[in-house]
2 protein chains.
Amino acid sequence: MSVTIKEVAERAGVSVATASRALSGGRGVRPANRERVLRAARELEYEPNAVAAALRSRTTNSVGIVVPRISNPFFATLVEAVEREAARGGRGLLLSTSRYDPEVEAGQLKSLLDRRVDALIAVPCHSERSRAAIEAAGQRVPTVQLDLCLDGGGGSWVGVDSEAGILSAVEHLVGAGARTLAYVGSEPTDSSAQARLDGYRGAAPLCPGGTDRVLLGDFSLEWGHRAARRLLENRRELPEGIVCGNDTIALGVLRELARNGVDVPGRVMVTGFDDIPFAELAEPPLTTVRQPLEQLAAEAVRTLATRLGGGEEPHRRVAIAPELVVRGSTRA
Amino acid sequence: MSVTIKEVAERAGVSVATASRALSGGRGVRPANRERVLRAARELEYEPNAVAAALRSRTTNSVGIVVPRISNPFFATLVEAVEREAARGGRGLLLSTSRYDPEVEAGQLKSLLDRRVDALIAVPCHSERSRAAIEAAGQRVPTVQLDLCLDGGGGSWVGVDSEAGILSAVEHLVGAGARTLAYVGSEPTDSSAQARLDGYRGAAPLCPGGTDRVLLGDFSLEWGHRAARRLLENRRELPEGIVCGNDTIALGVLRELARNGVDVPGRVMVTGFDDIPFAELAEPPLTTVRQPLEQLAAEAVRTLATRLGGGEEPHRRVAIAPELVVRGSTRA
DNA sequence: GACATCACGGTAATCGTTTACATCCCCGGC
DNA sequence: GCCGGGGATGTAAACGATTACCGTGATGTC
């Protein structure tokens, strides 16, 4: 069917060994021979069979990634950055989604391992029920947890320093004059939700007034709506600053406040977390904690690369400090 | 290193051939032997090497996809749907991005072919300069163009019926009382831009008043802003309906109109195209033409599946009719 | 001139499966 | 009792590269 290295070798008048050497790097081959091989390959329109190469060399030049979903812009951007980083190193990216189901996630990981990816990047969809599969994978190939991580740590991880991010949001709100705060976030079912909540509780003392209103639901727009309605029940006690666990919640909150004629940022200031693309399109544009996605992806791939380079490195845990992006939903 | 089928066969007391047959389907193996093989595999924690299987069987059970970018929510959703569809069939998904660069796109396609994907799905980033690479790929494996397509057709394609979509938007606007229309879209550098523009021109006669204002730029928010400013220059000639080439443009237009105190939908009605997630979060929520992404993905995979099934089918071109979603930016 | 060294190139083993083909056995029909 | 057929199994040849190992000739050194 397709032309093999054997035919290239024949046409160039050398052995397959020499042809192989010439085609991959060309070290230890006389320039004249190298040229003849390359020309023969070109003339025959030779297309190397990466599968065969992978079998023999025991490396597929590919990395697998499993994320909860791609339609979430946050993960999409992350995947894009990882893809670019991988492509730069000549590696392919095998993408899977877990749909927030640990069983599916385990199956996807297994499938990726069967396909012999050189390394794995995973966003564990559950801080406990993802453990078995991810640790098993870590036994077989370099594996790094991205963004979320397993409870209790264990294995490499690259993510953002959520506590620091929330802290900067709280500092900003207090600095801008907010005397009372509330937190609207998600139940701590994953490590980010947990860390953000911890961050809020840790930063609360900075605010002299009240900070005791903590509403926990999930990371959805609807929860933002509901939480805002709850805060609006007693108009007088409406906090002057609302720290949200992510941008989606914050957009929900903003919307509900607008519907009820509450002035943002005049009466209430709102902050989000992530800096999804719509954050700056909101009305008013949302002040938020930006996730340094490019950096996260680059760091994740770098972590894997050093592990692939043969170093039996100890596990790394990298927390990158995020940056506060101030927009119209808070006063400067 | 890892356990091979040979060891499984030994433990089960059969030949590797029988072990292989038992592990894949189990047809032509006595139930007793089948059981013993499966048990041995379980006990040894055998993990099949998909690379070796792929080499011998000449099929990798994987499909490649190349899209311009994944951070675009439209493509992200598409990729997600394709991933789900592929996973359902036990196939892996190799993801690449072209970053709207035909050269990069060609390189990615070649890399995927080297990896011997069974089939390819591509969103050609340029209607002409993508041609060579995509046609070359089509020679080697079943290939389907998704969403966008090459100029002049050729090869299989699955996408949305843009003309019909724009037509339904125009009909809706006219039905809601708009007497003058304008179109804000992208220069026809890709097939969708072209089809939507054609759609507008085709539908224009439905509107008794003027429809001659056609502003062409690119598919960006900024272009939406600029185009709206241009329309606002002469306030009296502001059209009563603005048909936008996609949602991003429409959001830009909405925003600029809001800044200038124009009542939407009272004075002007606006429609988008795509139905990206933020469309319903806009203020007012955007009436738009929804792309049936799940259907597109399913249809694309189905197209490939029939081609993989051995059928030397002629090329298929499938245009799915989109659905108009009416929201607050137009009057019902 | 002898010998160690070195760069290059060829032969063949190898990676872990699938599968073509041969073999064997059992059964039923005549 | 013989033969044909079919199902289960084993043997071994692929699949298409990489690479361990060895041979060869050139070169350098003494």
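Just so you know, these numbers come straight off a predicted model, no measurement behind them. Because only heavy atoms are used, hydrogens play no part in the values below, and waters and symmetry mates are left out as well, while side chains stay in.
Paired regions of DNA chain D, where each region holds three or more successive Watson-Crick or G-U pairs whose two hydrogen-bonding distances fall under 3.5 Å, are C:1-30 with D:1-30.
If you check every strand for non-hydrogen atoms under 4.0 Å, A:Thr4 touches sugar and phosphate atoms only.
For A:Arg56, taking side-chain heavy atoms from C-beta onward, the closest of the listed nucleotides C:dT14, C:dT18, C:dG16 is C:dT14. Which of D:dC15, C:dG10, C:dG16 sits closest to the side chain of A:Arg58 comes down to C:dG16.
Not one N or O on the side chain of B:Thr18 forms a donor-acceptor pair closer than 3.5 Å with the backbone of B:Val14. A donor-acceptor contact shorter than 3.5 Å is absent between the side chain of A:Trp157 and the backbone of A:Val318. No side-chain donor-acceptor contact under 3.5 Å links A:Glu299 to the backbone of A:Leu296.
The stretch residues 35-54 of chain B has no heavy atom under 4.0 angstrom from DNA chain D at all.
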* **B:Arg129/B:Glu103 under salt bridge (charged side-chain N to carboxylate O under 4.0 Å, His left out): CA gap, chis, key distance, verdict** => CA-CA 9 Å; B:Arg129 299 202 291 137; B:Glu103 311 255 332; 5.2 Å; no
* Check the pair A:Arg84, A:Glu294 against salt bridge (charged side-chain N to carboxylate O under 4.0 Å, His left out), reporting the backbone distance first and the verdict last. => CA-CA 10 Å; A:Arg84 180 164 32 236; A:Glu294 301 289 333; 3.4 Å; yes
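Around NZ of B:Lys110, the count of heavy atoms belonging to other residues, nucleotides or ligands within 6.0 Å exceeds 12.
For A:Lys6 and D:dA17, the NZ to P distance is 11 Å, given to the nearest whole Å. B:Asn61 has its CG atom 15 Å from the P atom of C:dT17, to the nearest Å. Distance CD1 (A:Ile5) to C1' (D:dC15): 14 Å, rounded to an integer number of Å. Taking atom CG of B:Leu23 as the reference point, atom P of C:dT19 lies 13 Å away to the nearest angstrom.
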Show me the protein contacts with nucleotides 7-9 of chain C, counting only N or O atoms at under 3.5 Å.
from: C:dG9; atom 1: OP1; to: A:Arg30; atom 2: NE; distance (Å): 3.2
from: C:dG9; atom 1: OP1; to: A:Arg30; atom 2: NH2; distance (Å): 2.9
from: C:dG9; atom 1: OP1; to: A:Asn33; atom 2: ND2; distance (Å): 2.3
from: C:dG9; atom 1: OP2; to: A:Arg30; atom 2: N; distance (Å): 3.0

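Side-chain contact check for A:Thr59 and A:Ser57: no donor-acceptor pair (N or O, by modelled atom type) lies under 3.5 Å. Between the side chains of A:Asp118 and A:Thr60, at least one donor-acceptor pair of N or O atoms lies under 3.5 Å.
We find that B:Glu105 and B:Arg99 are not joined by a salt bridge, their nearest charged nitrogen and carboxylate oxygen being 4.0 Å or further apart.
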